[in-house]
Amino acid sequence: MNKTRKLSKFTLTNIKCYGMIIVAFAVLYPMLKMNMISNKISGLLIPICAYIVMAISLNLTVGFLGELSLGHAGFMSVGAFSGVITVACMQSGLPAPVKLLAAIIIGGIMAGILGLIIGIPVIRLKGDYLAIVTLAFGEIIKNIINCLYIGVDGSGLHFSMKSAEALNLSDGKIILNGPQGAVGVSKIATFFAGVLLILFALFVVLNLVNSKTGRAVTAIRDNRIAAESVGINITKYKLTAFIISAVIAGMAGALYGLNFSTIAAKKFDFNTSILILVFVVLGGMGNIPGTIIATTLLYMLPEMLRQFSDYRMLIYAIVLILVMLATNSPRAKVFANKIVGIFKKNNETDGEGDVSNG
Amino acid sequence: MRFPVKRSENAFICLKNRDGPNENCKMTFVCTNGAKSETVKEGVNMTFISNLINGISLGSVYAIIALGYTMVYGIAKMLNFAHGDVIMVGAYISYCASSYLGFSPVLSVLLAMVVCTVLGVAIEAFAYRPLRRSGSLAVLITAIGVSYLLQNVALLIWGSNPKAFKSLVTFGSISLFDGKLIITAESIVTVIACIIIMVGLSLFTKKSKMGKAMRAVSEDKDAAELMGINVNVTISLTFAIGSALAAIAGVLLCSAYPTLQPTTGSMPGIKAFTAAVFGGIGSIPGAMIGGILLGIIEIFSKSYISTALSDAIVFAVLIVVLLVKPTGLLGKKITEKV
């Protein structure tokens, strides 16, 4: 009995997540093909896909692992630039989907390696100290990519930290030009690929959470000492979750990077990390369907508010504060319960319940 | 007394050990100064000292900001990301007071402090107090919302064009060694302000009744309340002090680096937060040491390694320190009870 109920909850979440994405795709894709969507909105679709994947990835770290990461944009950045470099190195004859797939895979692998390098020291720390170290790593990644010059020619890739001239390119082209970032990226990301990536991320995260590893990870989040005393290897599971989160973030980054013709490292700064964290917290930590909805709404909100021009970010900030206050403050909860109570009473007494007692 | 250091570093030792073995230092210094063949080395010496002074001065600004972070963290257990933007507001207020209203420097700083204090207390009362009992992430996101709000209000009022902040320090700079070493008045004022604030704050938290209440609240909110301490007033007071310090830091920061725009506060805010963690968050001397070390590391890596990579180096040092001492330099190690 208990088992079936648990199973049904898992399937329910699955149906919610996959269903939402597939329905959205089924509605939007024909509209996109028939040019029924304005350019403004269609330009947002791929970034929204990338950010949904990012939010799913961060939800794994913050929601399920319970560790605050303030440098998730760093993984996205590494994924984006490795993806861009991969595409630039490949022969131009190859079809775009193959290139995109390769870019996403390489982006994921590079971010995963970085996740391993960062994860080993970071996992030792706790709470706010862990948060500040992830922030520091995010800033370091941004700074290093900002100084990195990469070019490609017949003999292979050339790296330099000084200037574009120091690359000694014979006849090749510069892929990454220091602070200017990558210029002349081929825009091969598609909405279809974005949706597939979301489905992949959902598949990985939802199944991970419901696996033995996932249960170990949530046990560590809920009580580290208790988990340790029943023999769960804390470092192993934490690191696994952290690296998977990094890989998914890198894939999202590759998709994001290949959607723009120019991309610079300063796009992936502290504010981007925070933006993704806002999506996760507002969507609900450990709540994947909520995260998807929150990401879509919050990413669209500033664009929808464009008509208010100067006031749009102000409105965004106020909405953010009010939503946080409304969803988290005890007084708001009491207030909400009161309102629910009034409605319930009204229903019971056929609309004659007295409001003053509620 | 003998120092196992190169001659070019003697001046550094000299500055560091004011009350230590001074004579040896002075002698070497005179030697360096006197020898004609070593003019190049002397130049190196002077850049070193001036870099050190710049570092201490920048670090003092970080320390003042970090004090605000650390006090708020100690008492409310929250990362107040809006603190950096309070700095920006303080700088704008004093800018307006001195350039449009023609206030004297001292008066404009006082005005900025008053405005920031009111702002800090208001933010705490409206945005943070309702969330005091909920999770730390909720407060963090609200703080980020407040930070966006302050930046955008500043953008609407003052526009996005950077304003050239006129230094509020009116007296000239000091030049030593025939003009080879110039110490700007701003850095002197900054360092002195930092020392005064530091000493004042330490005395306040140790001796005064309100300071004791603050420490009690930071230790255990519920127990403090049972002892008759008004927790709300104490937390408000902490925010008031932190914000007033932020105003001072804003003025000092913009006097030394005179571009003022709505995002001015965010990067120094993050760095000061780093400094607070560096020294052990929650500890007042820790914030001071962390801030000054961070400033010195930043200026040195800027002038000796790479300007573009200086931030990366600062953060790398932070990571190394946290790996060796996971709770910062002066942080308390909390043993977990099962």
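So you know, we letter chains A, B, ... as the sequences are listed, proteins then strands, and number each from 1.
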Heavy-atom closest contact (B:Y148 atom, A:L320 atom, distance): CD1-CD2, 4.3 Å
Side chain to side chain donor-acceptor pair (under 3.5 Å) partners for A:Y51, two or more places apart: none
B:L149 versus chain A, the contacting section by heavy-atom distance below 4.5 Å: both
Got a list of side-chain donor-acceptor pairs under 3.5 Å for residues 137-147 of chain B, not counting sequence neighbours?
{"unit_1": "B:T142", "atom_1": "OG1", "unit_2": "B:A138", "atom_2": "O", "d": "2.7"}
{"unit_1": "B:S147", "atom_1": "OG", "unit_2": "B:D85", "atom_2": "OD2", "d": "2.7"}

Greater than 12 external heavy atoms within 6.0 Å of A:R124's CZ: no
Max heavy-atom pair count under 4.5 Å with chain A, selected residue of B:I313, B:L309, B:L318: B:L309
Got a list of side-chain donor-acceptor pairs under 3.5 Å for residues 133-148 of chain A, not counting sequence neighbours?
{"unit_1": "A:T134", "atom_1": "OG1", "unit_2": "A:L70", "atom_2": "N", "d": "3.0"}
{"unit_1": "A:T134", "atom_1": "OG1", "unit_2": "A:L130", "atom_2": "O", "d": "3.3"}
{"unit_1": "A:T134", "atom_1": "OG1", "unit_2": "A:A131", "atom_2": "O", "d": "2.6"}
{"unit_1": "A:E139", "atom_1": "OE1", "unit_2": "A:K142", "atom_2": "NZ", "d": "3.3"}
{"unit_1": "A:N143", "atom_1": "ND2", "unit_2": "A:E139", "atom_2": "O", "d": "3.3"}

Heavy-atom proximity to chain A below 4.5 Å, by part of B:L323: both
B:M214, CE atom: more than 12 neighbouring heavy atoms under 6.0 Å: yes
Close contacts, residues 264-273 of chain B versus chain A, judged by heavy atoms under 4.5 Å: B:M267, B:I270, B:F273
Nearest-0.5 Å distance, CD1 of residue A:I132 to CZ of residue B:F278: 11.5 Å
Region of B:F126 in contact with chain A, defined by heavy-atom distances below 4.5 Å: backbone
